[in-house]
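So you know, we letter chains A, B, ... as the sequences are listed, proteins then strands, and number each from 1.
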Protein chains: 2
Amino acid sequence: MTVTLADVAARAQVSPATVSRVLNGNYPVAAATRERVLRAVDDLDYVLNGQASALAAATSDLVGILVNDIADPFFGIMAGAAQSQIGGPEGAGAGRAGGEKLAIVCNTGGSPERELTYLTLLQRQRAAAVILTGGAIEDPEHSAAVAAKLAKLADGGARVVLCGRPPLELPGGGEAVAAALAFDNRGGARRLTEHLLTLGHQRIAYVAGPVERTTTRHRLESHRDAMEAAGLGDAVDALTVHGPYDRRSGYDATLELLRREPALTAVVAANDTVALGACAALREQGRSIPDDVSVAGFDDLPFSADAMPALTTVRLPLHEAGARAGRLAMGREAAPAGGIATVPADLVVRGSTAAARG
Amino acid sequence: MTVTLADVAARAQVSPATVSRVLNGNYPVAAATRERVLRAVDDLDYVLNGQASALAAATSDLVGILVNDIADPFFGIMAGAAQSQIGGPEGAGAGRAGGEKLAIVCNTGGSPERELTYLTLLQRQRAAAVILTGGAIEDPEHSAAVAAKLAKLADGGARVVLCGRPPLELPGGGEAVAAALAFDNRGGARRLTEHLLTLGHQRIAYVAGPVERTTTRHRLESHRDAMEAAGLGDAVDALTVHGPYDRRSGYDATLELLRREPALTAVVAANDTVALGACAALREQGRSIPDDVSVAGFDDLPFSADAMPALTTVRLPLHEAGARAGRLAMGREAAPAGGIATVPADLVVRGSTAAARG
DNA sequence: CTGTTAGCGCGTTCAT
DNA sequence: ATGAACGCGCTAACAG
């Protein structure tokens with residue numbers, strides 16, 4: 001039924017080995033023979049069997065990209081950029097065999113179990129590389145399990161790259177990853193809160209992400225640091241609410257925060273999506289942005305510039321970081337010194353923040 | 001180096017065949033033996049080799065999901081929903097072997113070549129199923145190539161599902177797809193334009209998607225039909241501009257349309273993202289929404305409700321459609337009658353549209 | 001430059 | 001209920 005290498009060999013009147021050599025282009029083959037073989041391939045509509053090839057050569061052309069939420073552009077942008085550096089055979093001849101890698105995006109939905117499951121599945125497929133994007137879950141047991149899996153993956157020859165995820169701190173985990181691109185969440189968050197303080201805000205509420213996430217913690221801690229430096233540290237806890245990274249969370253949390261502190265003059269959100277929800281809640285409560293209340297987000301997703309007013313936020317170069325992660329995974333770029341590179345997070349001031357009232 | 005089935009067998013003092021049977025759970029195995037085997041698996045940290053397994057069994061556990069733009073939530077939502085029906089082993093035992101499928105998202109970036117390349121890669125991996133999402137490119141040659149590939153994929157045992165893509169019209173293509181979920185783009189677009197007509201609008205501009213896309217054509221044609229039914233068909237061409245499905249396109253196109261017809265009172269956009277760009281352009285030109293100009297989108301992405309004013313649009317049940325596509329791909333749901341199901345597209349009226357001035 | 005010979009790691013008969 | 005043997009489709013040595 002399905003045509004195999006042997007069929008091609010028979011039709012081209014050569015040995016299977018020769019066909020393999022033509023397809024992989026690693027060994028010298030006479031031009032005339034190569035022609036015959038390629039014609040046979042076309043005639044028969046032959047397609048290489050990936051599994052058999054991978055099994056025999058003990059290498060795979062799969063590259064896994066793990067994301068927490070594929071419906072969130074934050075991850076979509078990084079994944080797309082990474083994939084563009086991996087899957088992309090621009091030229092012709094795409095129909096035949098060749099060294100193209102298959103970049104596959106795996107959506108964990110933020111679930112630790114699924115993260116591990118995907119890692120196992122990837123390991124089972126003997127993935128050539130694995131890219132983990134976004135914040136990690138901070139449960140020690142889970143971290144250990146992930147570190148162990150990554151170590152095994154690396155042991156099996158897979159290149160492991162972290163993108164927007166802090167380097168593993170566990171024993172055995174550090175050596176496993178080829179490179180880590182860490183967003184400067186701390187610096188960005190600090191600059192953002194300082195910006196608001198400079199504008200005269202004092203009652204600043206904070207809508208944080210899920211508690212157990214590294215991203216959440218880093219951003220929140222820096223916010224607190226900045227507040228403490230301004231002598232406002234005591235109020236932070238009472239004016240902080242945690243929730244998922246979605247619009248609804250921003251909406252609900254903001255209503256709650258308004259209840260706690262009706263006189264608040266600024267809301268800092270865990271990310272832009274959450275900030276949008278916060279804006280909706282504030283407007284519903286009759287507060288105008290930024291006249292009554294300033295709002296700020298994080299990430300600078302494309303829609304942030306289109307919000308009304310445009311969102312003040314912290315820009316993360318998601319596309320660049322994703323692309324770099326892709327190149328690192330392909331071994332097309334040298335790992336940064338120490339294996340860790342910090343990705344800048346720059347403050348972007350737009351219309352949603354203004355001087356505090358009064 | 002890497003531990004194989006044989007190693008496990010040796011440690012458990014059984015034959016490789018027995019280990020295989022335990023792992024796959026398809027044949028009766030004595031409870032005691034099974035225990036020994038499982039313990040050996042754990043002890044050795046054995047992980048099944050996916051390629052070898054697939055090769056021997058002539059089946060694969062890969063399911064491909066093709067998307068045009070992974071950074072666009074339109075696709076992210078569908079892909080995530082589909083994946084949730086495929087990859088999801090909720091229970092325990094995720095570490096071992098098992099029938100879990102690996103759902104992999106492939107980003108074509110809207111490029112026909114990459115679409116074909118991914119299809120080939122998937123074919124090479126002997127994918128168990130393939131889901132194609134979103135509008136198709138209308139180039140006949142490309143369509144034929146895709147149809148041929150899909151036919152071959154199906155021939156090789158892969159289940160092919162279309163989600164948000166119109167059924168193939170080509171010979172041999174129709175039989176290849178197991179099921180097609182087609183969005184009611186025509187009906188939705190018609191209702192949307194009728195809504196504006198009812199509000200008294202006459203000079204309605206249209207920012208269409210890329211010319212060669214089915215989605216674009218269907219939505220535009222229905223818009224034209226509605227306009228013609230209202231005796232306004234003549235103006236349609238002059239007030240239509242094509243562009244990609246992104247914010248910038250909406251922005252640029254709207255500026256151009258305002259130049260062509262300064263007195264326009266409504267702008268219909270190809271989708272919500274484009275609509276946002278249109279809003280930005282209008283505001284920049286000093287037009288208020290919806291007092292001066294009404295704006296409408298399509299898709300009802302999450303951020304549409306948060307725009308200011310909230311966007312009138314056409315709701316596509318992306319999550320539901322994606323999930324259904326996932327189930328169809330897994331064979332967990334019977335194909336609809338005739339292999340084609342129409343997914344409803346309902347008008348959602350919000351604040352961005354209002355009665356025409358004057 | 002090309003053909004021959006062995007496996008890669010596992011599933012699956014066929015025996016027992 | 002279990003083991004032995006064969007083959008899935010391909011690549012990689014080794015000859016020649």
Can any side-chain N or O of Thr59(A) pair as donor or acceptor with the backbone N or O of Ala54(A) at less than 3.5 Å?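 A pair under 3.5 Å: no.
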Ser20(B) side chain to Pro16(B) backbone, donor-acceptor under 3.5 Å: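 No, Ser20(B) side chain to Pro16(B) backbone: no donor-acceptor pair under 3.5 Å.
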Touch class at under 4.0 angstrom, heavy-atom based, for Leu5(B) against every strand present: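 Result for Leu5(B) = sugar-phosphate.
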Look at all strands and tell whether Val14(A) reaches a base, only sugar-phosphate, or nothing, counting heavy atoms closer than 4.0 Å.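 The residue Val14(A) makes sugar-phosphate contact but no base contact.
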Around Gln13(B), counting heavy atoms of other residues, nucleotides and ligands shown, do more than 12 lie under 6.0 Å from its CD?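 No, because the 6.0 Å sphere around CD of Gln13(B) holds 12 heavy atoms or fewer from other groups.
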Nucleotide of dT2(D), dT2(C), dC10(D) approaching Val29(A) most closely (side-chain heavy atoms):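 The nucleotide sitting nearest to the side chain is dT2(C).
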Examine [N]: is either OP1 or OP2 under 4.0 Å from a nitrogen or oxygen in the side chain of [X]? Give yes or no.
X        : N       : answer
Thr33(A) : dT2(C)  : yes
Ser53(A) : dT11(D) : yes
Ser15(A) : dG3(C)  : yes

So, for Asn107(A) and Ile70(A), which heavy atoms are closest and what is the spacing to 0.1 Å?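 Heavy-atom minimum between the residues: OD1-N, 3.0 Å.
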5' precedence on DNA chain D between Gln13(B) and Leu55(B) (nearest-nucleotide basis):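 By nearest-heavy-atom nucleotide position, the 5'-most residue is Gln13(B).
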Report the distance from atom [atom1] of [X] to atom [atom2] of [N], rounded to the nearest whole Å.
X         : N       : atom1 : atom2 : value
Asp61(A)  : dC10(D) : CG    : C1'   : 13 Å
Leu48(B)  : dC8(C)  : CG    : C1'   : 14 Å
Arg126(B) : dC10(D) : CZ    : P     : 7 Å
Asp7(A)   : dC8(D)  : CG    : C1'   : 13 Å
Asn49(A)  : dT11(D) : CG    : P     : 9 Å

Check against side-chain hydrogen bond (donor to acceptor under 3.5 Å, both in side chains), Ser15(B) and Thr18(B): CA-CA 5 Å; Ser15(B) 77; Thr18(B) 301; 3.3 Å; yes
Each nucleotide N or O in nucleotides 12-16 of chain C that has a protein N or O under 3.5 Å away: list the pair and distance.
none

Mind running side-chain contact (heavy atoms from CB on, under 4.5 Å) on Thr4(B) and Asn49(B) for me, showing each step along the way? CA-CA 8 Å; Thr4(B) 78; Asn49(B) 183 321; over 6 Å; no
Could you pull out all residues at least two apart from Arg324(A) that satisfy salt bridge (charged side-chain N to carboxylate O under 4.0 Å, His left out)?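 Counting only residues at least two positions away or on another chain, Arg324(A) forms a salt bridge (charged side-chain N to carboxylate O under 4.0 Å, His left out) with Glu333(A).
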